[in-house]
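Hydrogens, waters and symmetry mates play no part in the numbers below; they use all other heavy atoms, side chains included. Residues take their numbers from the sequence shown, with the count starting at 1.
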Amino acid sequence: MKFKNLALFYVQLILDGKCTYSDVPKRLKSYVKQVAIDLGVWEDIEGNTQEHPATPSNAD
């Protein structure tokens with residue numbers, strides 16, 4: 001896989017709530033999805049696509 005390390009980085013950011021799948025660059029989305037599927041976390045990411053990451057203005 002061409003961008004495996006970068007895709008893994010994005011998966012981790014998404015799981016940590018630092019960004020969402022919609023924030024992933026278009027060119028990398030298929031790689032990120034495949035890595036998430038391989039790790040068994042795609043359902044978690046797909047279920048959280050409507051949520052926004054915490055920012056200083058909306059963090060609790």
Side-chain angles (χ1 to χ4, degrees):
M1 183 182 292
K2 192 173 183 179
F3 298 108
K4 185 174 182 178
N5 289 335
L6 191 54
L8 184 58
F9 177 70
Y10 270 105
V11 168
Q12 188 63 48
L13 286 176
I14 293 167
L15 293 174
D16 287 345
K18 305 291 183 186
C19 71
T20 64
Y21 183 69
S22 61
D23 296 328
V24 175
K26 186 178 178 180
R27 186 173 190 173
L28 296 176
K29 283 191 178 201
S30 64
Y31 297 102
V32 171
K33 182 176 181 178
Q34 188 58 54
V35 167
I37 290 170
D38 292 346
L39 293 173
V41 297
W42 175 244
E43 292 79 20
D44 297 332
I45 290 174
E46 189 176 38
N48 292 330
T49 56
Q50 301 302 322
E51 294 181 18
H52 299 286
T55 61
S57 62
N58 69 4
D60 291 327

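- Counted within 6.0 Å of NZ on K4, heavy atoms from surrounding residues, nucleotides or ligands total 12 or fewer; the atom is thus considered open.
- Proximity of I14 to V41: side-chain heavy atoms (C-beta onward) are nowhere separated by under 4.5 Å.
- Shown here are the side chain to side chain donor-acceptor pair (under 3.5 Å) partners of N5, two or more places apart in sequence or in another chain: there are none.
- Between Q12 atom CD and K18 atom NZ the span is 10.5 Å, to the nearest 0.5 Å.
- Y10 contributes atom OH, which lies 10.5 Å from atom OG1 of T20 (distance to the nearest 0.5 angstrom).
- L13 has its side chain out of reach of D23: every pair of non-hydrogen atoms, C-beta onward, lies at least 4.5 Å apart.
- Of the inter-residue distances, the one linking Q34 atom CD with L39 atom CG reads 10.0 Å to the nearest 0.5 angstrom.
- Taking every heavy atom of both residues into account, S30 and Y21 meet most closely at N-OH, 4.4 Å.
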